[in-house]
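Scroll down for the structure; my scribbles are underneath it.
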Amino acid sequence: MRWTQTLISTLRDAPQDAEITSHKLMIRAGLLRKLGGGLYTFMPLGLRALHKVEQIVREEMDRAGALEILMPALQPAELWQQSGRLETMGPGMFKLKDRQERLMTLGPTHEEVVTDLLAREVSSYRQLPCTVYQIQTKFRDEIRPRFGLMRAKEFIMKDAYSFDVSLEAADASYQAMYDAYTRIFKRCGLTAHPVEADTGDIGGKWSHEFMVVADAGEDAILECAACGYAANQERAERHVCTCAPAADTPPMTDVATPDARTIQEVSAFLKRPAADFIKTLIYVADTKPVAVLVPGDRDVNEQKLKRFIGCKSLALADDDTILKATGAPVGFAGPAGLAIPIYADASLRGATDRVAGANKADTHVIHLSLERDAKVTDFTDLVAVVTGDLCPRCQQTLNTKRGIEVGHVFKLGTQYTDAFNAKFLNEKGEPLTMIMGCYGIGVTRTLQAVVEQHNDADGIIWPAAIAPYQVGILLLDPKDETVAAHAQKLSDKLTALGIDNLIDDREERPGIKFKDADLVGFPLRAVVGAKSLAQGGIELKLRSEKTFTLAPVDMAAEQIREKLSRHKN
RNA sequence: CGGGGCGUAGCGCAGACUGGUAGCGCGUUUGGUUCGGGACCAAAAGGCCGAGGGUUCAAAUCCCUCCGCCCCGACCA
C-alpha cells in the first residue's frame with residue numbers, strides 16, 4: 001500500500017479535548033476521528049490495528065475451543081425483564097421503540113440473549129461443555145465517556161459465555177478462558193495482571209479482571225509484593241488487628257460542638273485525631289435507611305456495602321432522611337440510640353473511647369464504647385482499602401497502582417440459567433440447570449491500552465503483532481524512478497513474505513516522513529533514497545532502537561523479516 | 001445529576017473587559033527556490049464566530065435561553 005492512496009492525515013497538535021497520551025496519539029497519528037462524546041470513527045490505519053487485535057482474540061478463543069457466533073445488538077426488552085436487569089442496568093442502557101411500540105434495547109452485553117439461545121439449543125449433557133463467543137459492538141449510556149476509546153458509548157467487545165454440567169466442569173471452562181486471556185494480552189504486547197474483582201451488575205460470585213498498569217487507568221489496584229495478592233479496590237480486603245477493648249471506658253458523655261459537622265471540624269475543635277472518631281453515614285439501601293460506621297479516617301467502599309446488604313440500589317441519604325433517621329441535622333449522626341440497622345466495619349469491633357455524633361444538633365459524644373453504647377446489626381469489612389493497609393493473606397503491606405481493565409472473567413453459577421430455565425438432561429435423564437460463566441475483553445480499549453503502554457515523545461511504538469503496518473518504507477526521492485522502483489520491489493518482496501508494509505511515497509521532505517513514521521509508529525522503518533542506495537543499500541531501523549543498519553538491496557527483505565522476528569514486541 | 005472550563009477556518013489559538021461586521025500559526029491549493037529529522041518566498045481557497053432570542057443605528061463582543069464538548073465528583077456528615 002502507498003501512503004498517497006490511503007487516508008492518513010497526521011496532526012502536529014493534538015485536539016484540545018484529548019487528555020491522555022494514548023488518546024492524543026491515536027488522533028494525531030490519524031487512527032481515530034471523533035464524531036461526538038464517546039463516539040469514534042476508525043480511520044484505515046486504526047482499523048487495521050483493531051483488526052489485528054480481533055484476529056489474535058479470535059485465534060486464541062478458537063484455540064481454547066470456543067465457538068464464534070454473532071448475536072443481534074438490537075434486543076427485545078422482555079429478555080431484560082426476565083433476568084431482572086432492566087431495572088438494575090436500566091439507566092445505562094440505550095432503549096428505543098420499534099414501530100409496533102415494542103420496547104427494544106441496544107445490547108450493553110449479551111448474557112440474556114445467549115442464555116435464552118442455549119436454553120433452546122441445548123437439551124442433553126452430550127452437548128456440553130459449550131463455550132460461545134462473539135466480537136461485536138456494545139452500547140452503553142455511560143455516565144461519563146472518557147479518554148477516547150477507554151470509555152466509549154459504543155465500543156467493540158469480545159464476549160464469551162460458557163455452559164457446563166457441573167461446578168467442576170465450569171471451573172475448567174473458566175480456567176481455559178483465563179489462560180486464553182493471558183495469551184491474548186501477551187500476544188498484543190501488553191503486560192496485564194489478573195486481579196480479584198467485584199462482579200458489579202453482572203452478578204455472580206467470583207471474577208478476575210485483567211489490568212494493564214497505567215497511570216491513566218480508571219481503577220485502583222491493591223497489590224501485595226510478598227504473596228502476589230492483587231485486587232481491584234472495589235473488592236480488596238485487608239487484615240484487621242483485633243485490639244483488646246480497654247477495660248474501663250468512662251460513661252458516654254455529650255459535648256457541645258457548635259457548628260462543627262465534619263470530622264475535620266470536630267477533630268480540630270476537640271483536639272482528637274480523626275482515627276478516634278466513628279464516622280456514621282446514613283445510606284438508603286433500596287428504600288430503607290441504614291447506618292454505616294467506619295473509623296473517622298477511613299472511607300466506605302460502597303461496592304462492599306451493597307454486596308453485604310444485598311440491595312439493588314444504594315445512595316447516601318438526603319438531609320430529610322437523615323433528620324428522620326437520627327433526629328439531628330446532617331453532621332451529628334452517631335451510632336448510639338439509632339433505631340435503623342447499623343453496619344460497622346470489622347475494625348470497629350471492640351472499639352472503645354471513641355468520638356461520634358450524638359444525634360442532636362451541635363452535639364457529639366465522647367467515651368463511646370461501641371458495643372456497650374450501640375446496637376450494631378453486623379460487623380463486616382466495609383472500608384476502602386488503601387496503600388499501607390495489610391494484606392488479607394499474608395499481612396504484609398499493600399501498595400496501590402492504577403490500572404486499565406482490559407478483560408474480565410466471571411463465574412456466574414446459575415443466576416441466568418435459572419432465570420431462563422436453561423436445563424439439560426444428564427445421563428440418568430434428570431433435568432439439571434447449566435452452570436454458566438462469562439468472559440469479556442474490551443477490544444477497542446485493549447487497542448488504546450497498547451498505545452498507552454507503548455509510546456515515547458515522538459509517537460506510538462507498535463508491537464509488531466498489532467501494528468497497522470509492520471514496515472514503513474520511506475521513499476525519499478519519489479521522483480527518481482530507479483529509487484522508486486527499489487522501494488516498490490522491497491514492498492513486493494515483503495508482501496510475499498507475509499509482512500505488511502506501507503510505502504510513504506508522498507512528495508515531502510525527508511524530515512516530515514521521519515517525523516510521521518515515528519508518530520504512526522511502524523515497528524520497522526526502511527529508508528530507500530538516492531543517498532542510501534549510493535551508500536550501498538536500504539536503511540533499516542527499529543522504532544524501539546536508536547541506531548540503524550544498512551542492508552544491501554537484495555538482502556533487505558530477509559533482514560527485515562529477521563529483525564521483526566527478533567523483536568516481536 | 002452537581003461543580004468548573006471551553007465552543008471563532010481541518011488542527012492549535014488571538015480578538016470579547018472597552019460593540020463598528022474577523023485575524024495569526026500549522027495544514028490545504030498553485031508557482032518558484034529547496035531537499036536526511038516537521039524548509040523558504042509569493043499568491044490563493046477556506047468561517048451564518050455552537051444555535052435561537054433580546055438590547056442597540058450597529059453584536060464574535062453585552063443580556064437571556066438552549067445545545068455540544070472537556071475536566072472533577074459521583075459520596076464522608
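Here is how names work: the chains are called A, B, and so on, in the same order as the sequence lines, proteins then strands, and each is numbered from 1.
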Can you tell me, in whole Å, how much space there is between the [atom1] of [N] and that of [M]?
N	M	atom1	result
B:G20	B:C49	C1'	16 Å
B:C66	B:G19	C1'	24 Å
B:A39	B:C26	P	11 Å
B:U61	B:C71	C1'	26 Å
B:C62	B:A14	P	15 Å
B:U65	B:G5	P	16 Å
B:A22	B:G47	C1'	9 Å
B:A42	B:A58	P	41 Å

Can you tell me how far [atom2] of [N] sits from [atom1] of [X], to the nearest Å?
X	N	atom1	atom2	result
A:F332	B:A77	CZ	P	11 Å
A:N359	B:A77	CG	P	16 Å
A:R506	B:U28	CZ	C1'	14 Å
A:E507	B:G27	CD	P	17 Å
A:I27	B:G12	CD1	C1'	14 Å
A:L305	B:C76	CG	C1'	13 Å

Inset, instruction - Classify the nucleic acid contact of A:I322 as base, sugar-phosphate or nothing, counting any heavy atom under 4.0 Å across all strands shown. - result: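 Answer is base: heavy atoms of A:I322 come under 4.0 Å of a base.
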Inset, instruction - For A:L474, answer base if it contacts any base atom (sugar-phosphate contacts may also be present), sugar-phosphate if it contacts only those atoms, and nothing otherwise; contact means non-hydrogen atoms under 4.0 Å. - result: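 The residue A:L474 makes no contact with any strand.
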Listing time: all N or O pairs from protein to nucleotides 30-37 of chain B that are below 3.5 Å?
residue: B:U34; atom: O2; partner: A:R509; partner atom: NH1; Å: 2.6
residue: B:G36; atom: O6; partner: A:S532; partner atom: N; Å: 3.1
residue: B:G36; atom: N1; partner: A:E539; partner atom: OE2; Å: 2.6
residue: B:G36; atom: N2; partner: A:E539; partner atom: OE1; Å: 2.4
residue: B:G36; atom: N2; partner: A:E539; partner atom: OE2; Å: 2.7
residue: B:G37; atom: O6; partner: A:R525; partner atom: NH1; Å: 2.6
residue: B:G37; atom: O6; partner: A:R525; partner atom: NH2; Å: 3.0
residue: B:G37; atom: N1; partner: A:D518; partner atom: OD2; Å: 3.1
residue: B:G37; atom: N2; partner: A:D518; partner atom: OD2; Å: 2.3

Legend entry - Strand partner of B:C66, provided both Watson-Crick or wobble distances fall under 3.5 Å: B:G50
Inset, instruction - Please say whether the positively charged group of A:R525, taken as NZ for Lys or CZ for Arg, lies over the ring of A:F548, i.e. under 6.0 angstrom from the six-membered ring centre and within 45 degrees of the axis. - result: no
Inset, instruction - Would you tell me whether A:T21 and A:N455 have side-chain atoms, one donor and one acceptor, within less than 3.5 Å of each other? - result: no
Legend entry - Test item: side-chain donor near acceptor, A:T137 and A:E154, under 3.5 Å: no
Legend entry - Closest-nucleotide ordering on RNA chain B, the 5'-leading residue of A:P15 and A:V294: A:P15
Inset, instruction - Would you kindly compare A:D13 and A:N301 by the position of their nearest RNA chain B nucleotide and give the one closer to the 5′ end? - result: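 Whichever sits nearer the 5' end wins; that is A:D13.
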Inset, instruction - Please indicate whether A:E481 has more than 12 foreign heavy atoms, meaning atoms of other residues, nucleotides or ligands, lying under 6.0 Å from its CD. - result: no
Legend entry - Within 6.0 Å of CG in A:D215, more than 12 heavy atoms from elsewhere: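 Check fails, neighbour count at 12 or below.
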Legend entry - Residue A:T262, side-chain heavy atoms: nucleotide from B:C76, B:C75, B:A77 that is nearest: B:A77
Inset, instruction - State, to 0.1 Å, how close A:I460 and A:L25 come at their nearest heavy-atom pair, and which atoms those are. - result: CG1-CB, 3.9 Å
Taking the basic N atoms (NZ, or NE/NH1/NH2) and the acidic carboxylate oxygens, is any pair closer than 4.0 Å for [X] and [Y]?
X	Y	value
A:R543	A:D458	no
A:R238	A:D345	yes
A:K531	A:D477	no

Inset, instruction - Mind checking the NE2-CE spacing from A:H367 to A:M252? Nearest 0.5 Å is all I need. - result: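 With rounding to 0.5 Å, NE2 (A:H367) is 11.0 Å from CE (A:M252).
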Inset, instruction - Would you mind building the protein contact string for nucleotides 68-73 of chain B? One character per nucleotide, 5' to 3', B for base within reach (heavy atoms under 4.0 Å), S for sugar-phosphate only, - for untouched. - result: -SSBB-
